[in-house]
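One structure is given here, and the rest of the page talks about it.
For this chain, numbers begin at 1 and follow the sequence in order. Every value quoted in this text rests on a predicted model; they were computed, and no experiment measured them.
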Amino acid sequence: MKKIKLEKPTSGSQLVLQTLKELGVEIIFGYPGGSMLPLYDTIHNFEGIQHILARHEQGATHEAEGYAKSSGKVGVVVVTSGPGATNAVTGIADAYLDSVPLLVFTGQVGRQSIGKDAFQEADTVGITAPITKYNYQIRETIDIPRIVTEAYYLARTGRPGPVEIDLPKDVSTLEVTEINDPSLNLPHYHESEKATDEQLQELLTELSVSKKPVIIAGGGINYSGSVDIFRAFVEKYQIPVVSTLLGLGTLPISHELQLGMAGMHGSYAANMALVEADYIINLGSRFDDRVVSNPAKFAKNAVVAHIDIDAAELGKIVKTDIPILSDLKAALSRLLQLNKVKTDFNDWIKTVIENKEKVPFTYEPQNHDIRPQETIKLIGEYTQGDAIIVTDVGQHQMWVAQYYPYKNARQLITSGGMGTMGFGIPAAIGAKLAQPNKNVIVFVGDGGFQMTNQELALLNGYGIAIKVVLINNHSLGMVRQWQESFYEERRSQSVFDVEPNFQLLAEAYGIKHVKLDNPKTLADDLKIITEDEPMLIEVLISKSEHVLPMIPAGLHNDEMIGLHFTDKNEEVDNA
């Protein structure tokens, strides 16, 4: 391998930071420890990269995820060996399932101690192998620029994902006078495939003979930077759209052809469109079990086309008639260029719009309890549907998916595949650092809030003005809902009989705080959401509130419970 002479002796730690800076990295999220002291000593006087000191390694990885999801850039994390690395595993796994580009540096004991059960040693390469796109252990200091450059490239290209670099302490300490050529040389790695005209013409030909087509808009539309051309494709052919959780915002909720989120807590219109369609075009979604609860019954009467950058996803869950392995942006761009096929979906569009009007997401206001749906709806109005919305995981996540009026790309930052409680607050911090001029609002439940609320320390420390909306029902709401619905109301370990005073907690962190419990004054009380300072807004809701509608696990998309019809001649509530 070609060697490159350096101007002066340079340590491994300096090589790490210099390479990251050359790659365009501006922010690192991390937490120091023994094996990473050489790197942190170099960080102390290094210019050009900001380091954000998390309060827990899980927080650091979620912060990097929020930064990456909001900006489209690679999130960079630095943690120490042993418990530092294992604390980061949850965030790495979360990023893996949601295709989030992360570069995670984990410290490691010196090379001579590896495999000898040294203090704070863990087999991080072995632990992270199933939950990373690729991982490395750097054995020679001269390889640092090459491996860091390669890892960064792997994280952001193809199907994005986390890449881990295990860095032994002595490798980062050693000074070298030359390095191995860092130029990329990955002959067997395909950055992205591109659909052929024949494949895309087959997709369009099937569209021309269909009568009831529907598009599933997945997170891949966001990740590939395809939102504008996706919307142009929808407009060109007037195809109704259903969104996955991670696909919300790719087409505005206000758009006539947007039927809302599909799946377990999706809209009636979206789920019925999937049931009644004769042609389903999946764009950048993996047909996960929250959308396709019963694959054996799914799309029985429909032709299925699927465009995805990952060959492993094609046909994995649902039998696919037109599988297209391709970068989504390239495929959609070419679809717009090909000669337009003749279509007529007027009757179909009329049907799906009638379904939207017949069974909207709805709730009944109450005089004694605040409805979480109303809270989210009001915040949507006050922010004009333009805020970056971050959620933790649970009931509040589904209400936010149902009721916030999304209209922008990369607008909803949430944990989709892993469903990680504790994701919300750190992810919001990362999103705000990526988009400092945007209003960033994070919705959390009282369960997830107690997992990572130590990250609130960063808000005043770094001037991060996120708004935390705590939907407090004194329980693990989604767990409790399932127990009440499917376990004969046995609320085993899902109710918090004792909770801390969250207002005093906010006070301890020096954050503006308010507790809301009066539905009559809610509209006025929530106007503070537009203020530009960090705050905690605790909203007390009923302990028995459920997220509806719902498809019970294993049932088909048309077997929803909790539907409320606007037509009084229909069944009012089939729960």
Looking only at heavy atoms, which two atoms of Met1 and Asn180 are closest? And how far apart?
SD-CB, 3.3 Å
Side chains of Val291 and Met261: does their closest heavy-atom pair fall under 4.5 Å?
no
For Lys329, is the NZ atom crowded, meaning more than 12 foreign heavy atoms sit under 6.0 Å from it?
no
Please report the closest heavy-atom contact between Thr452 and Gly422, naming both atoms and the distance.
OG1-O, 2.7 Å
With rounding to the nearest 0.5 Å, note down the distance linking CD1 in Ile52 to CZ in Arg55.
10.0 Å
Could you state the interatomic distance from CD (Gln18) to OG1 (Thr42), rounded to the nearest 0.5 Å?
9.5 Å
Apply side-chain contact (heavy atoms from CB on, under 4.5 Å) to the pair Val77 and Ile28, showing each step before the final yes or no.
CA-CA 6 Å; Val77 181; Ile28 291 173; over 6 Å; no
Spell out, as yes or no, whether a donor-acceptor pair under 3.5 Å connects the side chain of Tyr223 to the backbone of Asp98.
yes
Is there a donor-acceptor pair under 3.5 Å between the side chain of Asn135 and the backbone N or O of Val163?
no
His255 and Glu235: CA distance, side-chain angles, deciding distance, side chain to side chain donor-acceptor pair (under 3.5 Å) verdict:
CA-CA 10 Å; His255 196 287; Glu235 293 285 358; 2.6 Å; yes
Report yes if the side chains of Val390 and Ile441 come closer than 4.5 Å at any heavy-atom pair, otherwise no.
no
Any side-chain heavy-atom pair from Glu65 and Leu102 closer than 4.5 angstrom?
yes
If only side-chain N and O atoms count, and only distance matters, is there a donor-acceptor pair under 3.5 Å linking Ser71 with Gln435?
no
Quick one: does Glu121's side chain have a donor or acceptor within less than 3.5 Å of a partner on Ala118's backbone?
yes
Less than 4.0 angstrom from a charged side-chain N to a carboxylate O is my criterion; do Asp143 and Arg146 meet it?
yes
Nearest 0.5 Å please: distance from the CD atom of Gln14 over to the CG atom of Leu39.
10.5 Å
If we only count heavy atoms from C-beta on, is the Tyr31 to Thr80 side-chain gap below 4.5 Å?
no
Main-chain N/O of Thr196 paired to Gln199 side chain as donor or acceptor, under 3.5 Å:
yes
For the NZ atom on Lys194, are there more than 12 heavy atoms of other groups (residues, nucleotides or ligands in this structure) within a distance under 6.0 Å?
no
Looking at Ser224 and Ile221, what are the two nearest heavy atoms and their distance?
OG-O, 3.4 Å
Residues Glu191 and Tyr153: side-chain donor-acceptor under 3.5 angstrom:
yes
Please report the C-alpha distance between Thr414 and Thr391 in whole Å, then the side-chain angles of each, then the deciding distance to 0.1 Å, and finally whether the side chain to side chain donor-acceptor pair (under 3.5 Å) criterion is met.
CA-CA 5 Å; Thr414 192; Thr391 81; 2.6 Å; yes
Considering only NZ, NE, NH1 and NH2 on the basic side and carboxylate oxygens on the acidic side, decide whether Asp308 and Arg286 come within less than 4.0 Å.
no
Smallest separation among heavy atoms of Val74 and Tyr67, with atom names
O-CE2, 4.0 Å
Is the number of heavy atoms from other residues, nucleotides or ligands within 6.0 Å of CD (Glu47) greater than 12?
no
Rounded distance [0.5 Å steps], CZ in Phe423 versus CD1 in Ile413
7.0 Å
Ile147 backbone acceptor or donor facing Glu150 side chain under 3.5 Å:
no
With side chain to side chain donor-acceptor pair (under 3.5 Å) as the criterion, how do Ser70 and Arg410 come out once you've worked through the C-alpha distance, each side chain's angles and the decisive distance to 0.1 Å?
CA-CA 6 Å; Ser70 183; Arg410 296 185 176 276; over 6 Å; no
Mind running side chain to side chain donor-acceptor pair (under 3.5 Å) on Gln108 and Asp166 for me, showing each step along the way?
CA-CA 6 Å; Gln108 187 53 274; Asp166 206 36; 2.9 Å; yes
Are Glu26 and Lys21 within salt-bridge range, i.e. N to O under 4.0 Å?
no
Which distance, rounded to the nearest 0.5 Å, do you find between the CG of Leu314 and the OG1 of Thr320?
6.5 Å
How about Arg231 and Pro252: do any of their side-chain heavy atoms sit closer than 4.5 Å?
yes
Are Leu154 and Tyr136 close enough, and set up right, to give a side-chain contact (heavy atoms from CB on, under 4.5 Å), and what steps lead you there?
CA-CA 12 Å; Leu154 291 176; Tyr136 303 81; 3.3 Å; yes
Would the distance check show the side chain of Asp170 and the main-chain N or O of Arg111 forming a donor-acceptor pair, the cut-off being under 3.5 Å?
yes
Could you walk me through whether Thr19 and Tyr152 pass side-chain contact (heavy atoms from CB on, under 4.5 Å), step by step?
CA-CA 10 Å; Thr19 305; Tyr152 184 87; over 6 Å; no
For a quick check under 3.5 Å, do Glu57 and His62 share a side-chain donor-acceptor pair by atom type?
no
Using modelled atom types only, decide if a donor and an acceptor are shared between the side chain of Arg334 and the backbone of Ala195 within a distance under 3.5 Å.
no
How far apart are the closest heavy atoms of Phe230 and Leu251, and which atoms are they?
CE2-CB, 4.1 Å
Run the ring-centre check on His51 versus Tyr40 and record whether the distance is less than 6.0 Å.
yes
Non-hydrogen side-chain atoms of Lys438 and Asp386 separated by less than 4.5 Å
yes
Can you tell me if Lys340 uses its side chain to pair, donor with acceptor, with the backbone of Lys236 under 3.5 Å?
yes
Start with the C-alpha gap between Lys432 and Glu63, add the side-chain angles, then the distance that decides, and say whether salt bridge (Lys or Arg N to Asp or Glu O under 4.0 Å) holds.
CA-CA 10 Å; Lys432 184 64 174 179; Glu63 282 149 16; over 6 Å; no
Does any part of the side chain of Thr250, heavy atoms only, come nearer than 4.5 Å to the side chain of Ser243, both counted from C-beta?
yes
Walk me through it: do Ile138 and Ile165 pass the test side-chain contact (heavy atoms from CB on, under 4.5 Å)?
CA-CA 7 Å; Ile138 302 180; Ile165 297 177; 3.5 Å; yes
Look up atom CD1 in Ile27 and atom CD1 in Ile49, then write down how far apart they are to the nearest 0.5 Å.
10.5 Å
Do the side chains of Ile429 and Ile466 get nearer than 4.5 Å, heavy atoms only?
yes
Which atoms form the tightest heavy-atom contact between Glu164 and Thr124, and what is the distance?
OE2-CG2, 3.3 Å
Short side-chain to backbone donor-acceptor contact, Lys116 and Gln112, under 3.5 Å:
yes
Is the backbone of Ala387 close enough, under 3.5 Å, to the side chain of Gln411 for a donor and an acceptor to pair up by distance?
yes
So, Thr10 and Glu175: side-chain donor and acceptor under 3.5 Å apart, yes or no?
no
